[in-house]
Amino acid sequence: MNKKGIVIRGLRKRYGEGETAVEALRGVDMQVAPGEVVGLVGPSGSGKSTLLKCLGAVIDPTAGYMELDGEVIFDDGWKVRDLRALRRDRIGFVFQAPYLIPFLDIVDNVALPRMLAGVPNAEARETARELLQALDMTHRIGAMPAQLSGGEQQRVAIARGLVNHPPVILADEPTAPLDTARAMAVMRILQDMARRFHTAVIVVTHDEKIIPTFRRIYHIRDGVTHEEAGEGRPLDAS
Amino acid sequence: MISLAGRDILHGWGKFLFTGLGLGLLIGVTLTMAGVYRGMLDDGRMQLDNSGADLWVVQKDTLGPYAEPSSLPDDSWRRLRTLPGVAQAAGITYLTMQVQNGKRTVRTMVVGIAPYGPGTPGWPRHLVAGRHITRGHYEAVADLGTGFRIGDRVRLRRHEYTVVGLSRRTVSSNGDPMLFIPLSDAQQAQFLKDNDAILEQRRRIAANPVLGRPTVVDAAIESQTSPHSVNAVLLRLAPGARSEEIVQTIGRWQRFTAYDRDAMGDILIGKLIATASRQIGMFLVILAFVSAAIVAFIIYTMTMDKIREIAVLKLIGTRNRTIAGMILQQALALGLIGFVVGRISAGLATPLFPKFVLLIPLDSFIGFFAVMAICTVASLASIRLALRVDPAEAIGG
């Protein structure tokens with residue numbers, strides 16, 4: 001697993017043109033190593049979501065440089081052609097709400113990105129079961145999303161984000177709807193998985209409960225990031 | 001790759017099934033309307049086929065008894081029979097009237113048939129019960145649709161007739177079941193006046209200074225009150241005879257108008273049923289639009305309910321064509337359920353209709369592809385909506 005994490009330099013994003021143009025990102029620098037979990041913290045309107053969308057290859061930056069797992073994916077206007085395949089194979093997403101597909105059972109929910117990548121169904125399901133096992137969800141295999149608690153759904157969503165073994169996972173407020181115990185459980189899973197699969201994890205959060213658990217935090221304000229060391233508080237003690 | 005459409009349908013199968021049932025009833029109405037149209041055409045063809053005629057000779061410059069009044073002397077068949085190429089000739093009368101069957105009034109077409117036995121043009125070809133008419137008077141063969149049974153007594157004008165045989169699908173172009181009686185009885189039923197009218201006419205003739213002379217009055221009364229007309233003469237041609245030549249000969253020398261089978265078919269189906277079929281055609285178009293609107297609305301609503309899931313699917317790398325395929329497959333599945341339900345409900349409903357409703361495989365075949373086409377078109381708006389969903393919608397902020 002020679003993953004190389006994510007590197008961002010001087011990333012800019014401007015919405016609109018002329019006098020009405022809004023500069024949402026004004027030169028973001030960021031680097032997350034494989035196996036590392038970093039926090040991205042900032043007030044509303046600071047540019048968090050825009051940065052997340054740029055990192056998630058959902059919108060194009062205006063300028064700057066992005067490298068994912070050692071491969072340049074954006075460089076001052078140039079970008080890789082197949083962003084859909086990039087999202088599918090190399091980026092895992094975990095959302096504030098789990099957003100599981102309600103008509104698929106949890107195994108197929110987890111296996112879906114792998115099936116979309118062309119892996120045979122049986123093989124994709126086997127990988128999904130292994131991941132669910134690793135996330136202590138064995139007893140729920142075969143259940144539909146509506147039958148799970150919020151915390152269980154979020155674990156399934158994490159498994160879905162990991163199923164293609166992406167070099168980076170983008171987690172958007174993954175603990176917001178959860179109580180402290182469940183929020184800590186989710187963070188523990190993310191840290192375990194990051195270590196286990198050498199995945200760089202970026203957690204966008206407002207959640208005061210989990211901010212002290214990061215070793216490194218990027219604060220974003222007015223489209224600019226500032227790196228600072230976090231408390232790195234052990235999760236068991238939080 | 002798993003079938004997303006199939007999984008979604010299975011997940012909400014109850015909702016999907018009930019929606020399909022509702023759509024199916026609408027499709028059932030559409031198929032039944034097509035069946036009503038086919039039934040009308042078939043009734044027209046039945047009347048032509050059951051007559052057993054190759055040519056219809058009618059009053060000059062009229063369209064014949066199926067379309068308008070036609071009257072010609074009842075002995076015309078004799079000279080028509082002598083024309084080269086004519087194998088059989090028989091006069092016939094048609095009279096639509098209300099007949100009492102117990103407490104029920106049945107609208108029937110009373111057919112007067114020449115007394116030359118089975119095989120004569122105009123006679124019912126096959127009976128399903130009883131026997132053909134063998135006596136010159138007061139016997140009848142009734143279509144099953146009249147509701148009469150063997151031995152029933154039927155009153156027509158002044159006389160009663162005994163039903164001696166039953167036929168099936170012997171109907172007029174309006175779908176009225178036929179009642180066959182001897183020609184002379186039918187002439188009386190159609191042309192003979194009632195006793196009061198005859199007495200009144202007798203008084204008038206007697207009072208007429210020209211006709212009232214003793215030597216003339218009886219002949220005048222006889223000529224004006226005795227029925228000696230038929231509505232048409234049916235001809236059956238000898239093998240190899242050319243109907244066009246005989247039609248021309250009759251028109252030129254016999255002072256009648258003759259129609260062959262195609263021409264009479266045009267009159268019956270092309271002229272008489274044309275307005276009704278246009279009406280039904282219009283109704284079918286409206287139903288098709290209503291079905292399309294309903295399918296479009298249902299599929300659009302189902303897609304709207306899945307916007308967030310579609311955004312997530314796109315974000316995790318699902319191809320647009322996979323998402324479009326999911327919506328299209330659901331629309332087609334809905335159409336399939338609707339069609340099956342519609343076809344079954346139409347099949348169950350047709351016997352309940354008072355007139356003949358004919359569901360033919362071709363209409364079902366066309367209906368199936370029309371439903372699939374309508375569902376495909378109806379899903380386009382939903383597909384457009386889904387393809388415009390921004391994967392960024394799955395990411396907050």
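As the structure is a computational prediction, the values presented were derived from the model and not from experiment. Below, chains carry the letters A, B, ... as their sequence lines are ordered, and counting in each starts from 1.
A heavy-atom distance below 4.5 Å is not found between the side chains of A:I101 and B:H11.
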Using the side chain to side chain contact (heavy atoms under 4.5 Å, CB included) rule, take B:E309 and A:L104 through it: C-alpha gap first, then chi angles, then the decisive distance, then the call.
-> CA-CA 11 Å; B:E309 284 82 10; A:L104 299 179; over 6 Å; no
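Distance CZ/A:F103 to CE/B:M326: 5.0 Å, rounded to 0.5 Å.
For A:D60, the CG atom sits in a packed shell: over 12 heavy atoms of surrounding residues, nucleotides or ligands are nearer than 6.0 Å. For B:F289, the CZ atom is loosely surrounded, since the number of other residues' heavy atoms within 6.0 Å does not exceed 12. No more than 12 heavy atoms of other residues, nucleotides or ligands sit less than 6.0 Å from atom CD of B:Q279. Residue B:R169 qualifies as enclosed at atom CZ: its count of foreign heavy atoms under 6.0 Å is above 12. Shown here is B:R104, whose CZ atom has more than 12 heavy atoms of other residues, nucleotides or ligands within 6.0 Å. Within a 6.0 Å sphere centred on OH of B:Y37, other residues, nucleotides and ligands contribute 12 heavy atoms or fewer.
Here A:L116 is the residue among A:L116, A:V58, A:V119 with the most heavy-atom pairs under 4.5 Å with chain B. Each of B:R319, B:K314, B:K306 has some count of heavy-atom pairs under 4.5 Å with chain A, and the biggest count is that of B:R319. Heavy-atom pairs under 4.5 Å with chain B peak, among A:K48, A:M115, A:R87, at A:R87.
If you measure heavy-atom distances from B:L4 to chain A, the contacts under 4.5 Å come from both the backbone and the side chain. Using a 4.5 Å cut-off between heavy atoms, A:R125 touches chain B through its side chain atoms alone. Heavy-atom distances place no part of A:P120 under 4.5 Å from chain B, backbone and side chain included. Looking at A:L112, the atoms closer than 4.5 Å to chain B (heavy atoms on both sides) all sit in the side chain, from C-beta outward.
Smallest separation of non-hydrogen atoms from B:G317 and A:R84: O-NH1, 2.8 Å.
Shown are B:V312, B:L315, B:I316; of these, the side chain to side chain contact (heavy atoms under 4.5 Å, CB included) with A:Y99 is made only by B:V312.
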